[in-house]
Amino acid sequence: MPEHLQLLDLAIIGVGLTFAYIIFGITGFGTALIASPLLAFFIPVDKIVPLLALLDCSAAITNVLRDRKNAVISEVKRLVPLMILGSLLGAAVLLYTNPDSLLIYLAIFVIAYAIYSLSGFKPTAQYTTKASVPFGFIGGIFSALFGSGGFIYAIYLSGRIPDKNSIRVTQSTLIGLSTFTRIVIFFAAGVYSDWSFLTMALALFPAMILGVFIGRRITIKLSRENFLKIINVVILLSGIALLIRALV
């Protein structure tokens, strides 16, 4: 565990992560939105994404193992190849251009979509399978560029799958695959060779488990309508956070 962290610091981080993973347990995404600003006060910024990758992957596996029968594998099969292609393009853009100019357009789209969905004017028509192409590809691009692709998949899945538990578990499956890819990259880069960093991740593991458990219990009691409202609120907050990042 990093030497500069005191027991009180770890307790504050643990409480914050528990709340972040309650949201993850409900929606299957959104951890970084809540956890990243808090973690930035305690650990270096370049350590936040690798830390959350470990915890998010573990949380996704927890969700999938408990409710794997609810995962819609056909949607995963549609999205994953497109997600990979988008990630490759996103990585190329990240390496050879300045992607920050794209961030404001993504933020505006996300905010507009969330407000539209929360307004009650959302049509009852569902997305067709063809919609997996833009959503999977764009989600992959922005996952690679900004680590923020989860809400793109959530928009697609909420327009394709009628059951709230199936949305959550399918979303967790996608996030698990995405974060596992990041873990492999970070491992190859030597990020996880710091034992104090791994000790901190292990110490925060119970907070993640507790949050996912509470979130899952909340989801069971929610109607589909309230479940989708929570997803759209998290999407709206994600868009606002991206817009602030783009403008600051």
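- Pairing each heavy atom of P206 with each of A203, the nearest pair is CD-O, 3.3 Å.
- The side chain to side chain contact (heavy atoms under 4.5 Å, CB included) search around V80 returns V76, M83, I84, L174, L177, not counting sequence neighbours.
- Considering D163, N63, T27, N70 in turn, N63 is the only one that fulfils the side-chain hydrogen bond (donor to acceptor under 3.5 Å, both in side chains) rule with R168.
- Residue pairs that meet the side-chain hydrogen bond (donor to acceptor under 3.5 Å, both in side chains) test with at least one member in residues 203-222, sequence neighbours left out, are D67-R216.
- In the hydrophobic cluster analysis, where Ile, Leu, Val, Met, Phe, Trp and Tyr join through side-chain heavy atoms closer than 4.5 angstrom, I152 is grouped apart from V133.
- Of all heavy-atom pairs spanning M200 and L51, the tightest one is CE-CD2, 4.3 Å.
- I48 is connected to L10 through a chain of hydrophobic side-chain contacts under 4.5 Å among Ile, Leu, Val, Met, Phe, Trp and Tyr, so both are in one cluster.
- Residue pairs that meet the ring-ring contact (aromatic ring centres under 6.0 Å, His included) test with at least one member in residues 153-176, sequence neighbours left out, are F135-Y156.
- The hydrophobic cluster analysis finds L202 isolated: no Ile, Leu, Val, Met, Phe, Trp or Tyr side chain comes under 4.5 Å of it, directly or through other members.
- Residue Q126 comes nearest to G159 through the heavy atom pair OE1-O, 2.8 Å, listed as atom of the first residue, atom of the second, then distance.
- The side chain to side chain contact (heavy atoms under 4.5 Å, CB included) test applied to A20 returns T31, I34, A35, not counting sequence neighbours.
- Through ILVMFWY side-chain contacts below 4.5 Å, V15 is grouped with nothing and stands alone.
- If you take OG on S166 and CD on E75, they are separated by 10.5 Å, rounding to the nearest 0.5 Å.
- Rounding to the nearest 0.5 angstrom, the gap separating the CD1 atom in I175 from the OG1 atom in T170 is 12.0 Å.
- Atom CZ of F19 has 12 or fewer neighbouring heavy atoms from other residues, nucleotides or ligands inside a 6.0 Å radius.
- Remark: T129 pairs with no residue by the side-chain hydrogen bond (donor to acceptor under 3.5 Å, both in side chains) rule, at least two apart or across chains.
- With sequence neighbours left out, T181 forms a side chain to side chain contact (heavy atoms under 4.5 Å, CB included) with I185.
- Other residues, nucleotides and ligands contribute more than 12 heavy atoms inside 6.0 Å of the CZ atom of F186.
- How far OH of Y127 is from CG of L157: 10.5 Å, rounded to the nearest 0.5 Å.
- Although no hydrogens or angles enter the test, the distance criterion places a donor-acceptor pair under 3.5 Å between the side chain of Y192 and the main chain of P50.
- The hydrophobic clustering, which links ILVMFWY residues whose side-chain heavy atoms are closer than 4.5 Å, places F24 and F180 apart.
- Counting only residues at least two apart or on different chains, no side-chain hydrogen bond (donor to acceptor under 3.5 Å, both in side chains) pair has a member in residues 205-215.
- When hydrophobic side chains of Ile, Leu, Val, Met, Phe, Trp and Tyr are connected at separations under 4.5 Å, I61 ends up clustered with L65.
- Annotation: the span from L17 atom CG to I209 atom CD1 amounts to 12.5 Å, rounded to 0.5 Å.
- Closest approach of I183 to C57, counting heavy atoms only: CD1-CB, 3.6 Å.
- To the nearest 0.5 Å, atom CG of residue L38 and atom CD1 of residue I13 are 6.5 Å apart.
- The side chain to side chain contact (heavy atoms under 4.5 Å, CB included) check on I218 picks up I22, I26, I214, L222, with sequence neighbours excluded.
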Worked verdict on T179 versus L52 for side chain to side chain contact (heavy atoms under 4.5 Å, CB included): CA-CA 9 Å; T179 52; L52 290 180; over 6 Å; no

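- Residues K130 and R78 are not in side-chain contact: their nearest non-hydrogen atoms beyond the backbone lie 4.5 Å or more apart.
- Hydrophobic side-chain contacts under 4.5 Å tie I73 to no other Ile, Leu, Val, Met, Phe, Trp or Tyr residue.
- Cluster annotation: L89 is not connected to L82 through the hydrophobic network of ILVMFWY side chains, with a link wherever side-chain heavy atoms come within less than 4.5 Å.
- Between S158 and I167 the shortest heavy-atom distance is CA-CD1, 3.9 Å.
- Residues L7 and I43 do not share a hydrophobic cluster, defined by chaining ILVMFWY side chains whose heavy atoms lie under 4.5 Å apart.
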Go through L210 and Y21 one step at a time and tell me if the side chain to side chain contact (heavy atoms under 4.5 Å, CB included) criterion holds. CA-CA 8 Å; L210 178 61; Y21 282 102; over 6 Å; no

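- In terms of heavy-atom proximity, L55 sits nearest to M208 at O-CG, 3.9 Å.
- Rounded to the nearest 0.5 Å, atoms CG (L236) and CD1 (I231) are 13.5 Å apart.
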